[in-house]
Amino acid sequence: MPPISCFLLLTFLIITSSMASVVGAVGVNWGTMASHPLPPHKVVKLLKSNNINKVKLFDANSDVLQALSGSNIAVTVGIPNTMLRSLNSSKKAADSWVHDNVTRYMPNGGSVTRIEYVAVGDEPFHKSYGEQFHPFLIGAAMNIQAALNKAKLDSKVKVVVPCSFDSFESGFNMSSEVHFRPDINKTMTEVLGFLGKHGSPFFVSISPFITHLETKNISLDFSLFKETSRPHNFIHKTYKNSFDLSYDTVVTVLSSVGYPNMDIVVAKIGWPTDGAANASSYLAETFIGGLINHIHGNLGTPLRPHRPPLETYILSLLDEDQRSIASGNFERHWGLFTFDGQAKYHVDFGQGSSSLMNAQNVEYLSSKWCVVNNNKDLSNATASALEACSNADCTALSPGGSCFNISWPSNISYAFNSYYQQHDQRAESCDFGGLGLITTVDPSMDHCRFPIEIRVSHAEFHRLCNFQWLILLVTALLAASLAV
């Protein structure tokens, strides 16, 4: 081969290999806010069977981290916002946290559990929290970093701070300059300085679904990567989808404060399948498919062409019936899978097929449901249903939900059954003043599924409860000691 041809071939190979290296990785958020969580070892098998190689956690549950041991799945462990105050005030508390939740799973700097990031807080700048976490955030991050240094893990594990998209103002007012909210500007400057010093990426949530809900001029097609959508102009660039517009909002703000090249990780992005208008499996499949194709296509954005996010974490792996619904009933339906690990739609994570693999050998409670007894006086049934829903998950009954259109008294039965399942099918949990009736005939209809809960062992249930209780107890005790 002539020298010039060899040179051109070598140049081509170098360019294509470098382009391939910047294609962003896609992982999932694994939340555990469920009344009957799928056992962690089954979740890890679910991840591996679908070729999902990165997972972001919201805490550091020992059962979850143990189940991930040896899986070679890259892990982000989370520190709840409620722990920021104690970690800010005590280096010893930070040392203990790192020892118990990082070093323990990475003996001698190894990678028994492949922890890559420690996320300090969960969107602590979210508007709904006010300024309650601001004074403690940077101190907590610095103390965790110092603890990682002491454990000689700083070259393997990065400290990050997940930020909500409402950290920015005027993100969709095309005539205005975008910037951090004034109330967080000082703290955010410190956070960015910390991230820059340690070579950590900027973690940020992006939600085209919520943007579509809250912004009149953002169409559904624009949110779903549809080629037929009307483009938007922003800072002298043309945008064809909501994701690129949101992402470049972040790029613009980072550039304006001196960090034009900081890597960005999309910490949470997804599309719910129930609990609101336009929350459906069909639209979720369209959005997630479009997102993954966009990232793997190495297209980048107008401000960062051919440079997609460093990593992107889909919200979320599983539905969670205990998530807060302050933002909307859809919050409990972000999962790619239902609460019991059954795929809701098709998406290709590189598993060789667009069909996701379901969780295997899931153990359910008995095939029993609680429904309304039509032979009783139902004049007070609605009040009983409302009481049931206050202690169970009835979000599928909300406007736009999969069970919104079922008629009375079937909607009463749905509420009764939700309470009955969440309380482990105990006979007394289907009483409702004599209005309830236990049946072995599945009352599900059309698209409205009356679920049966997962069987959770008492030991596993108590471990989960004890872990959450311990976090609250330690936080309360430390807060009390600081107040003295």
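Throughout, residue positions are numbered sequentially from 1 according to the sequence presented.
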A.B. asks: I need the minimum non-hydrogen distance between Phe222 and Ser219, along with the two atoms involved.
C.D. replies: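 Scanning both residues completely, I find the closest heavy atoms to be N-OG, 3.1 Å.
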
A.B. asks: Decide yes or no on side chain to side chain contact (heavy atoms under 4.5 Å, CB included) for Asp321 and Gln422, but give the supporting numbers first.
C.D. replies: CA-CA 9 Å; Asp321 64 357; Gln422 202 160 110; 3.3 Å; yes

A.B. asks: Run the salt bridge (charged side-chain N to carboxylate O under 4.0 Å, His left out) test against Arg449 and tell me which residues pass, sequence neighbours left out.
C.D. replies: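 Only Asp340 meet the salt bridge (charged side-chain N to carboxylate O under 4.0 Å, His left out) criterion with Arg449.
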
A.B. asks: Mind listing the closest non-hydrogen atom pair of Ile406 and Tyr414 along with its distance?
C.D. replies: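 Scanning both residues completely, I find the closest heavy atoms to be CD1-CB, 4.3 Å.
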
A.B. asks: When you compare the side chain of Val362 with that of Gln342, does any pair of heavy atoms fall below 4.5 Å?
C.D. replies: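 With C-beta onward as the side chain, the pair touches.
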
A.B. asks: Would you check, one step at a time, whether the test side chain to side chain donor-acceptor pair (under 3.5 Å) holds for His41 with Asp63?
C.D. replies: CA-CA 9 Å; His41 70 278; Asp63 289 339; over 6 Å; no

A.B. asks: Would you call Glu311 and Lys56 a salt bridge, using N to O less than 4.0 angstrom?
C.D. replies: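 No, this pair does not count.
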
A.B. asks: Please name the pair of heavy atoms, one in Leu65 and one in Val75, separated by the smallest distance, quoted to 0.1 Å.
C.D. replies: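 Looking at all heavy atoms of both residues, the closest pair is CD2-CG1, 4.2 Å.
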
A.B. asks: Do Phe287 and Phe209 have side-chain heavy atoms sitting under 4.5 Å apart?
C.D. replies: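 Heavy-atom side-chain distance check fails, nothing below 4.5 Å.
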
A.B. asks: Indicate whether the side chain of Ser402 and that of Asp274 have a donor and an acceptor atom separated by less than 3.5 Å.
C.D. replies: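 Ser402 vs Asp274: donor-acceptor pair found between side chains.
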
A.B. asks: What I want to find out is whether Arg323 reaches Glu331 closely enough, with some N-O distance under 4.0 Å, to be called a salt bridge.
C.D. replies: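 Salt bridge present between Arg323 and Glu331.
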
A.B. asks: Taking only Lys NZ, Arg NE, NH1 and NH2, and the carboxylate oxygens of Asp or Glu, determine whether Glu227 and Lys240 approach each other closer than 4.0 Å.
C.D. replies: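 A salt bridge is absent here (no side-chain N lies under 4.0 Å from a carboxylate O).
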
A.B. asks: Can a donor-acceptor pair be found between the side chains of Asn405 and His447 at a distance below 3.5 Å?
C.D. replies: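 On atom types as modelled, these side chains do not qualify, holding no pair under 3.5 Å.
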
A.B. asks: Angle class for the Trp271/His212 ring planes (parallel below 30°, perpendicular above 60°, tilted otherwise)?
C.D. replies: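 Parallel.
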
A.B. asks: Do Leu318 and Phe339 come within less than 4.5 Å of each other through their side chains, counting heavy atoms only?
C.D. replies: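 Result no, sub-4.5 Å side-chain heavy-atom pair not found.
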
A.B. asks: Hey, is the main chain of Gly335 close enough, under 3.5 Å, to the side chain of Asp319 for a donor-acceptor pair?
C.D. replies: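 Between the backbone of Gly335 and the side chain of Asp319 there is a qualifying donor-acceptor contact (under 3.5 Å).
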
A.B. asks: Would you say the side chains of Thr273 and Lys344 form a donor-acceptor pair under 3.5 Å?
C.D. replies: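 Yes, side-chain donor-acceptor contact under 3.5 Å.
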
A.B. asks: Would you say Glu320 and Thr32 are linked by a side-chain donor-acceptor pair, where the criterion is simply a distance under 3.5 Å?
C.D. replies: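 Not at all, the side chains of Thr32 and Glu320 share no donor-acceptor pair under 3.5 Å.
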
A.B. asks: Go through the steps to decide whether Phe165 and Ile210 satisfy the test side chain to side chain contact (heavy atoms under 4.5 Å, CB included), and finish with yes or no.
C.D. replies: CA-CA 10 Å; Phe165 196 72; Ile210 293 177; over 6 Å; no

A.B. asks: Quick one: which residue pairs count as a salt bridge (charged side-chain N to carboxylate O under 4.0 Å, His left out) with a foot in residues 385-410, not counting sequence neighbours?
C.D. replies: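 Sorted result for residues 385-410: Arg332-Asp393.
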
A.B. asks: Are Val204 and Ile264 side-chain neighbours, meaning at least one heavy-atom pair lies under 4.5 Å?
C.D. replies: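 Contact flag for Val204/Ile264 side chains = yes.
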
A.B. asks: Do side-chain atoms of His126 reach the backbone of Ser128 as a donor and acceptor pair under 3.5 angstrom?
C.D. replies: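 Pair found, side chain donor or acceptor close to backbone of Ser128.
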
A.B. asks: Which heavy atom of Phe349 sits nearest a heavy atom of Val28, and at what distance?
C.D. replies: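 So the minimum-distance heavy-atom pair works out to CZ-CG1, 4.3 Å.
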
A.B. asks: Please determine if Arg181 and Asp166 form a salt bridge, counting it only when a charged side-chain N lies under 4.0 Å from a carboxylate O.
C.D. replies: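 Here Arg181 pairs with Asp166 in a salt bridge, since their nearest N and O are under 4.0 Å apart.
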
A.B. asks: Angle class for the Phe243/Phe225 ring planes (parallel below 30°, perpendicular above 60°, tilted otherwise)?
C.D. replies: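 Correct class here is tilted.
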
A.B. asks: Ignoring hydrogens and geometry, is there a side-chain-to-backbone donor-acceptor pair from Thr215 to Ile218 under 3.5 Å?
C.D. replies: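 No, because the side chain of Thr215 does not come within donor-acceptor range (under 3.5 Å) of the backbone of Ile218.
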
A.B. asks: Would you please test Phe125 and Phe180 for ring-ring contact (aromatic ring centres under 6.0 Å, His included) and show each step?
C.D. replies: CA-CA 11 Å; Phe125 294 118; Phe180 287 121; 8.3 Å; no

A.B. asks: Might you point out which heavy atoms bring Tyr239 and Asp244 nearest each other, and give the distance in Å?
C.D. replies: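 Tyr239 and Asp244 have their closest heavy atoms at CE2-O, 3.6 Å.
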
A.B. asks: So, does Asn417 use its side chain to make a donor-acceptor pair with the main chain of Ser413 at under 3.5 Å?
C.D. replies: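 Between the backbone of Ser413 and the side chain of Asn417 there is no qualifying donor-acceptor contact (under 3.5 Å).
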
A.B. asks: Is there a donor-acceptor contact under 3.5 Å from the side chain of Asp122 to the main chain of Pro80?
C.D. replies: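 Such a contact is absent between Asp122 side chain and Pro80 backbone.
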
A.B. asks: Not counting sequence neighbours, list each pair that qualifies as a salt bridge (charged side-chain N to carboxylate O under 4.0 Å, His left out) and has a residue in residues 30-49.
C.D. replies: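 Every pair satisfying salt bridge (charged side-chain N to carboxylate O under 4.0 Å, His left out) with a residue in residues 30-49: there are none.
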
A.B. asks: Report yes or no: does Gln360 contribute a side-chain atom to a donor-acceptor pair with the main-chain N or O of Asn358 at less than 3.5 Å?
C.D. replies: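 Pair found, side chain donor or acceptor close to backbone of Asn358.
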
A.B. asks: Just checking Asp100: does its CG atom have more than 12 heavy atoms from other residues, nucleotides or ligands closer to it than 6.0 angstrom?
C.D. replies: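 Count over threshold, so yes.
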
A.B. asks: Do Val347 and Leu356 have side-chain heavy atoms sitting under 4.5 Å apart?
C.D. replies: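 They are in contact (side-chain heavy atoms under 4.5 Å apart), so the answer is yes.
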
A.B. asks: Might you work through the side chain to side chain donor-acceptor pair (under 3.5 Å) test for Asp248 and Thr301, ending with a clear yes or no?
C.D. replies: CA-CA 7 Å; Asp248 275 1; Thr301 64; 2.6 Å; yes

A.B. asks: State whether Lys54 and Glu116 are salt-bridged, where the test is any N-O pair (Lys NZ or Arg NE/NH1/NH2 against Asp/Glu carboxylate O) under 4.0 Å.
C.D. replies: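 Answer for the salt bridge query: yes.
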
A.B. asks: Between Val371 and Cys430, what is the shortest heavy-atom contact and its length?
C.D. replies: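 Residues Val371 and Cys430, closest heavy atoms: N-SG, 4.5 Å.
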
A.B. asks: Examine the side chains of Tyr419 and Asn391 and answer whether a donor and an acceptor come within less than 3.5 Å of each other.
C.D. replies: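 Tyr419 vs Asn391: no donor-acceptor pair found between side chains.
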
